[in-house]
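Index from 1, following the sequence.
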Amino acid sequence: LQGWKIHISSTNKDSSRILKKVVGVCIENSTPFKFICDSFLLGIVSDKHWPRGSSNKFITIYPSDEESFKKIINQLYEELKGFNGPYILSDKRYKDCKVLYYRYGGIISQDFLNHKGYKIPYLKSPKGDLIPDFRSPFYFLPDWVNDPFEDSTEKIENSSSNELTLNNGRYDVLEALSFSNSGGVYLAYDRTYRRKVIIKEARPYTVTTSFDNTDSVYLLKREWRNLNLLKDFKVAP
């Protein structure tokens, strides 16, 4: 009903090669999987407005147990470690492979109705408690589950300060104004010019298309170029 799942991200230009490699590993291990069926739909799930908790998941693999999960994800690492792709926000990256991710969640759908009549997917704890299985845009691990790779994956250092800075301390990020799959928009303080500024984020390999190799980073640079062309007319930031 629930357990470790593996997710693979991809750009459109690499999707066929990645799919062939992943299919080989899944067939060798007799492991079920599903994948986005064409490049148009793959572009949609990496789009700016796609929900961040479910975005960029090109392939989903369902290992039968934890031992199978560890074996398969290690095999996939050897096959995929040379590829680049968008970060899957709901998951944890495996080692340094930029297209290989994992999370603990529901495998066979289990739902309950909330007070508004919506179906909410859930996980069941060893004590029988029902825990909502939300696809949040950050990695979440139920408190009864241990990450089998916690010593070998990149750890996030806990800072004693709540300050968030960018560009070697030039900008103090004050608050987030909005989020999308391609990145956030933030209010910050510029220490160099001593004024508040707006900072836009571009997540690499998101908002890709099937007909060229552009992504959100390219689009943000183009926006910057166009705003500079308009700056003397004082009609845009």
Side-chain angles (χ1 to χ4, degrees), residues 1-10 15 18-19 22-23 25-26 29-38 40-73 76 80 85-94 97 99-150 153 156 176 178-184 203 205-207:
L1 295 176
Q2 60 196 45
W4 293 103
K5 298 188 288 188
I6 300 170
H7 290 117
I8 314 293
S9 69
S10 177
S15 57
I18 286 177
L19 182 60
V22 172
V23 167
V25 172
C26 290
N29 291 278
S30 301
T31 302
F33 65 96
K34 66 180 180 183
F35 62 95
I36 300 292
C37 66
D38 62 36
F40 175 74
L41 290 178
L42 182 57
I44 289 177
V45 300
S46 77
D47 186 70
K48 177 177 181 177
H49 302 293
W50 195 262
R52 293 183 298 143
S54 58
S55 64
N56 306 309
K57 295 175 181 178
F58 173 39
I59 306 171
T60 304
I61 302 169
Y62 303 96
S64 57
D65 53 40
E66 187 169 310
E67 287 305 310
S68 297
F69 161 66
K70 291 191 287 187
K71 175 186 176 185
I72 292 167
I73 201 169
L76 290 169
L80 304 176
Y87 201 105
I88 297 177
L89 295 173
S90 63
D91 290 30
K92 194 170 190 177
R93 177 180 279 170
Y94 183 67
C97 181
V99 297
L100 185 58
Y101 300 83
Y102 65 93
R103 72 180 291 265
Y104 189 93
I107 294 178
I108 297 177
S109 181
Q110 306 176 90
D111 303 305
F112 64 83
L113 290 177
N114 68 5
H115 64 285
K116 293 184 177 181
Y118 294 115
K119 286 186 175 181
I120 306 297
Y122 69 84
L123 303 172
K124 184 176 287 188
S125 76
K127 296 180 180 180
D129 298 325
L130 304 184
I131 310 297
D133 184 22
F134 292 123
R135 274 64 170 176
S136 304
F138 53 84
Y139 180 65
F140 169 78
L141 196 60
D143 57 13
W144 71 87
V145 179
N146 293 318
D147 189 324
F149 304 117
E150 60 184 5
T153 51
I156 300 174
S178 66
F179 288 110
S180 71
N181 185 38
S182 62
R203 295 209 304 122
Y205 308 110
T206 60
V207 197

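- Between the side chain of Ser182 and the main chain of Ser180, no donor-acceptor pair closer than 3.5 Å is present.
- Between Ser9 and Ile18, the shortest heavy-atom contact is O-CD1, 3.9 Å.
- Listed for the Asp47 side chain is no donor-acceptor partner under 3.5 Å among the backbone atoms of Val207.
- Under the 4.5 Å side-chain criterion, counting only non-hydrogen atoms from C-beta, Lys48 is not in contact with Asn181.
- Remark: the Tyr102 side chain and the Asp147 side chain contain an N/O donor-acceptor pair separated by less than 3.5 Å.
- Within the 4.5 Å cutoff, the side chain of Leu113 has no heavy atoms near those of the Ile120 side chain.
- Side-chain atoms of Ser55 never come within 3.5 Å of backbone atoms of Val45 as a donor-acceptor pair (strictly under, hydrogens ignored).
- Within the 3.5 Å criterion, the main-chain N or O of Tyr87 finds no donor-acceptor partner in the side chain of Arg93.
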Practice item. Please assess Asp129 against Tyr122 for the test side chain to side chain donor-acceptor pair (under 3.5 Å), listing each intermediate value before the final yes or no. Key: CA-CA 10 Å; Asp129 298 325; Tyr122 69 84; over 6 Å; no

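- A donor atom on one side chain and an acceptor atom on the other are not found under 3.5 Å apart for Ser109 and Lys119.
- Atom CD1 of residue Ile88 and atom OG of residue Ser90 lie 6.5 Å apart, to the nearest 0.5 angstrom.
- Proximity of Leu1 to Ile107: side-chain heavy atoms (C-beta onward) are nowhere separated by under 4.5 Å.
- Panel note: side chain Ser136, backbone Phe138; no donor-acceptor pair is recorded below 3.5 Å.
- Minimum heavy-atom separation, Asp111 to Pro121: OD1-CA, 3.4 Å.
- Minimum heavy-atom separation, Leu80 to Cys97: O-SG, 3.4 Å.
- By the 6.0 Å and 45° rule, Arg52 stacks over the aromatic ring of Phe179.
- Less than 6.0 angstrom separates the ring centroid of Phe149 from the ring centroid of Tyr94.
- Under a cut-off of 6.0 angstrom, the local environment of NZ in Lys124 is sparse, with at most 12 non-hydrogen atoms contributed by other residues, nucleotides or ligands.
- A pairwise comparison of heavy atoms in Asp133 and Gly106 identifies OD2-N, 2.9 Å as the closest pair.
- In this structure, Asp91 does not pair ionically with Arg135, as no charged nitrogen and carboxylate oxygen lie closer than 4.0 Å.
- Across Ile72 and Thr31, no two heavy atoms sit closer than the pair CD1-OG1, 3.1 Å.
- Lys5 and Phe69 get closest at one heavy-atom pair: O-CE1, 4.4 Å.
- Side chains of Ser10 and Val99 form no contact here, defined as non-hydrogen atoms less than 4.5 Å apart.
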Practice item. Test Asn56 against Tyr205 for side chain to side chain donor-acceptor pair (under 3.5 Å), laying out the working first. Key: CA-CA 9 Å; Asn56 306 309; Tyr205 308 110; over 6 Å; no

